[in-house]
Number of protein chains: 2
Amino acid sequence: MTALAMHEDHQTMRANPAGTGLDLVTLAPGVVAHGTVAPIAREAAVFVQEDPVTHIYKVVSGAVRVTRLLEDGRRHIVAFYFAGELFGLEAGDTHQFSAEAVVASRIAFVRRSAVATEAENSDSAIWAVWRLMAKELARAQDHALVLGRLSAAERVGAFLRDMAVRTGCNNSIDLPMSRIDIADYLGLTIETVSRTLTQMERSGAIRFSGARHIDFQTARPLARVA
Amino acid sequence: MTALAMHEDHQTMRANPAGTGLDLVTLAPGVVAHGTVAPIAREAAVFVQEDPVTHIYKVVSGAVRVTRLLEDGRRHIVAFYFAGELFGLEAGDTHQFSAEAVVASRIAFVRRSAVATEAENSDSAIWAVWRLMAKELARAQDHALVLGRLSAAERVGAFLRDMAVRTGCNNSIDLPMSRIDIADYLGLTIETVSRTLTQMERSGAIRFSGARHIDFQTARPLARVA
DNA sequence: CGGCATATTGAAAGGAGTCAAGCTGTGTGG
DNA sequence: CCACACAGCTTGACTCCTTTCAATATGCCG
């Protein structure tokens, strides 16, 4: 049982105060499906590995991480998703990953079958799904490059740059995730992430206000790779 | 100019000795498009990074690697493709990768636009492309896990197992690619790949006949991870 | 203003990388 | 058919980056 399922009844009500039906969730510009919005508590699961794939999800607010766990406890973070981004699209019928809220978030979700129906009837929906898939593929391939060929400092730099790009603000970022999350995403340890960040601050490239807010010092930009 | 383009005229002839038209290339069971088959020499490029995306390709025989090069010369291998597998599917209009033949190969290719046309007219074609994309995505995500969280020995083990699965023969494999290729695929150096392989042989898990042929010793299976 | 999770820092160990020889074996020419 | 040569692979010694283990500091939340 996922956290989302537990919230569903409650949230269907909240998302539809007048009881008039379901929300319309925008999957892509012009592509809309009937769905629901639910709040997910910090660290709560949206779905877990092995669950049947039932919905497609969209982050309304907050942040979600998609993870994979090895038998021996090692954890790998496949991706982070932020407001406006879709996740949970998988080809098979059971989830290969888990998804959890990094911070208290609001998640919209539509039945996978509703998306399939939409796609049957509309070319634009099919291409929207296709484009989403292509974007995920490119992201995963970039991630593999980062993990396979970049040093710790380069990985952290790439991560900060990606965060800046995706939040749209290019002179400061607020990290919603912990150092452990960053480490598991970058294939490093929290100590290495922390040390690298400290070193970047000492070198003058970035400046911290608390452990989660970073200002980029334009005078000394982060070394860029890839 | 790609090696493929250089071969194209010559090969169109060879693939169509009677001059009756183009070959039919099977993109997926039941999904067929007009295409051509060309031989590609060992180490020759099928397409290179920055080229416009014009075709979709299928390995008829041989093996292809898809690579990415960093400015400083570091190389990352995104994937290997073997007989029967499709590659070159990218969302954008310019290739983000290069593709080269690992050994002398025969490559079938169809115009991307022909696939798009096929997809317009046929539901099964759309889903074939979608499934291909989904498979690539899963592969890339698995690759990221390997690169991010597995030790050198585990990476090499995962690689050998993957090769065995994909060639269908599960007690021996013939590696078409060099140690450098393996290293660039696994995010290691050739020395580490070589040492790991030697160690596996010494431990009795595998047995070499020449540097490229491996027999799996069923008595002591490779440790399995992920 | 505590108290606990999160983050930083230090010291030591270890795994993979680097540099440098050798070795194999495959293909070619005598 | 053998010998040589070159590319590819292996092995060794040493270095270095990242991890590990351990302690201390920070800062957020009640």
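Proteins come first, then strands; the chains are lettered A, B, ... in the order of their sequence lines, and each starts at number 1. Bear in mind the structure is a predicted one, so any value in this text is a computation, not a measurement.
- Enclosure of atom CG in A:Asp72 by more than 12 non-hydrogen atoms of other residues, nucleotides or ligands within 6.0 angstrom is indicated.
- Environment of CD in B:Gln49: crowded, with over 12 heavy atoms of neighbouring residues, nucleotides or ligands closer than 6.0 Å.
- Atoms CG (A:Asp174) and C1' (D:dG27) sit 15 Å apart, rounded to a whole Å.
- Of the possible donor and acceptor atoms, none in the side chain of B:Arg42 sits under 3.5 Å from a partner among the backbone N and O of B:Ala101.
- Taking atom CD of B:Glu43 as the reference point, atom C1' of D:dC6 lies 15 Å away to the nearest angstrom.
- Only B:Gly187, B:Leu188, B:Thr189, B:Glu191, B:Thr192, B:Arg195, listed by number, bring a heavy atom of residues 177-199 of chain B to less than 4.0 angstrom from any atom of DNA chain C.
- Put simply, CZ on A:Arg149 is 13 Å from P on D:dT18, counting in whole angstrom units.
- Sorted by residue number, the members of residues 201-213 of chain B with any non-hydrogen atom under 4.0 Å from DNA chain D read B:Ala211, B:Arg212.
- Residue contacts for B:Arg42: at a heavy-atom cut-off of 4.0 Å it reaches the sugar-phosphate backbone alone, with no base atom in range.
- Under a 4.0 Å N-O distance rule, the pair A:Asp181/A:Arg75 qualifies as a salt bridge.
- No donor-acceptor distance shorter than 3.5 angstrom exists from the side chain of B:Gln141 to the backbone of A:Val78, with no hydrogens or angles considered.
- If you look at A:Tyr57 and A:Tyr81, their ring centroids are not closer than 6.0 Å.
- The structure places CD1 of A:Ile206 at 10.5 Å from CD of A:Gln199, a figure rounded to the nearest 0.5 Å.
- Using bins of under 30°, 30° to 60° and over 60° for the plane-to-plane angle, the ring pair A:Phe80/A:Tyr185 lands in the tilted bin.
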